[in-house]
Amino acid sequence: MDDLKTKSLHAGRLWPRIGGAITTPIFQSSTFEYHGEDYHDVGYIRLSTTPNHVVLGERVAALHNAEASLATGSGMAAISATIFTLLSTGDHLIVQDCLYGGTSSILSWLKRFGITHTAVDAQDPSSWGAARQESTRAIYFETLTNPLVQLADLEAVVEFSQEHGLVSIIDNTFASPVNFQPIVAGFDLAIESATKYMGGHSDICAGCVVGSRKRIEEIKVTLDLLGGSLDPHACFLLERGLKTIGLRVPHHNASAMRVAEFLSAHPMVEKVNYPGLPDHPHHDRAQQLLDGFGGVLSFELRGGTEIADQFLGALTLPAVAVSLGGCTSLIVRPAAAVHAGLSPQERIETGITDGLIRFSVGLEETNDLLKDLETALQAAELG
Ligand SMILES: *Cc1c(COP(=O)(O)O)cnc(C)c1O
């Protein structure tokens, strides 16, 4: 069982099948008979010990070629449980300069507990050493950044962390284990917002942390205390979503590539950010490190926010909504939604212009999407 598609169906399954059931039943029971287990292994939903949690834990670990994984109630629960496990008051973290908004916010919030961080230029590994302090414990990167879809020198991150004895953490949400396997690449811990490609259907909020058995057990102790476990019903939906990840993500990759090429060639489009395009600054690195360029791209229309909003309003297939990674295409103007918390100056510094549009390309037939984009561009041009 080496192939990801086979593992996504069978790894960690209950055996023998309970009552012959082909899918893992939903164990909607908050508590289970006690047989003398240690506290963190007692059968109880908050302790992530139901059969749904156990199967999901093994399946997600197998997809990452890792020893262990832990499901969490959201991507943010995975991030917070991981940070709270690794860092105490007085400890310091090195992070890449452009991070998911929720991650930036929790890092600022953690200053109240005396946990500090320094943001480094992700594209300049020679500058990272200067950010290191006596108290630095970990380094935190993302596989592909939001919304400019940039890719850091991830091999340099692993090297840097090993050289300085830091725990390396990567948020792999935009890539999913189909396009990048962080543990195989040498990272200590991988985080997924399973709300996105892992779940894949825009119907759950969930997260995962993946790594060695020892590290995952430590993070589970924190998650048990914070109360961030995933509900068994959501475990079931995540397990169901994962069964097709090996088919879904390659389709997202291929379709996003065609959409990026179409937009690049369109006279109304100023700029397209997609690592699959040869003119993307990290295209060569992406080709070397990733098995696919992902389903998310961003672009700017000539004419700024007014044209952008007219275009969004004229689309009939992509839904104007935050989030990404679902079967249905989702599109949003980040400056108006996800990055509205930044000042105009901060948005300019991070390259998130007011007219920038982020597109999570779904599983619709690509030709239908291209037709819809063309029609909406024409409508926006006419005003
Ligand atoms: C959505 C997202 C998160 C947070 O996940 P939730 O499931 O919404 O808590 C973290 N990192 C990245 C890159 C994301 O896209």
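Both counts, for ligands and for their atoms, begin at 1 and track the order of listing. The shown structure was predicted, so the numbers you read here are calculated from the model rather than taken from an experiment.
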Aromatic ring proximity H280/Y274, centre distance under 6.0 Å = no
Within the 4.0 Å heavy-atom shell around [X], which atoms of ligand 1 are there?
X	value
D171	10 (C), 11 (N), 12 (C), 13 (C)
T195	6 (P), 7 (O)
S74	7 (O), 9 (O)

Would you check the N or O atoms of F174, main chain and side chain alike, for any that come under 3.5 Å of an N or O of ligand 1?
-> no
Consider every N or O of M76 and every N or O of ligand 1, then say whether any pair is closer than 3.5 Å.
->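 Yes; the residue has a nitrogen or oxygen that sits under 3.5 Å from a nitrogen or oxygen of the ligand.
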Run down the list G101, S193, S80 and name the one with the heavy atom closest to atom 5 (O) of ligand 1.
-> S193
Min side-chain heavy-atom separation V60-L242 under 4.5 Å | yes
Can you tell if the side chain of V210 reaches within under 4.5 Å of the side chain of I183, non-hydrogen atoms only?
-> yes
Shortest protein heavy-atom distance from [atom], along with the residue and atom involved:
atom	result
atom 2 (C) of ligand 1	K196 NZ, 2.5 Å
atom 4 (C) of ligand 1	Y100 CE2, 3.4 Å
atom 6 (P) of ligand 1	G75 N, 3.3 Å

Side chain, backbone, both or neither: which part of A206 comes within less than 4.0 Å of ligand 1 when only heavy atoms are counted?
->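 Under 4.0 Å from ligand 1, A206 contributes backbone atoms alone.
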So which bit of E142 gets within less than 4.0 Å of ligand 1, heavy atoms only: side chain, backbone, both or neither?
-> neither
Option among T103, L166, V167 that satisfies the side-chain contact (heavy atoms from CB on, under 4.5 Å) test with Y140 | T103
Quick one: name the residues clustered hydrophobically with V42, using the 4.5 Å side-chain heavy-atom rule over I, L, V, M, F, W, Y, and just say none if it's on its own.
->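 Same cluster as V42: Y34, Y39, Y44, L47.
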Within a radius of less than 6.0 Å around CZ of R240, do more than 12 heavy atoms belonging to other residues, nucleotides or ligands occur?
->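 Open.
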Would you list the pairs meeting side chain to side chain donor-acceptor pair (under 3.5 Å) in which at least one residue belongs to residues 172-186, sequence neighbours left out?
->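 Of all non-adjacent pairs touching residues 172-186, those that pass side chain to side chain donor-acceptor pair (under 3.5 Å) are N65-Q181, T143-N172, D171-T173, N172-E192, N179-N253.
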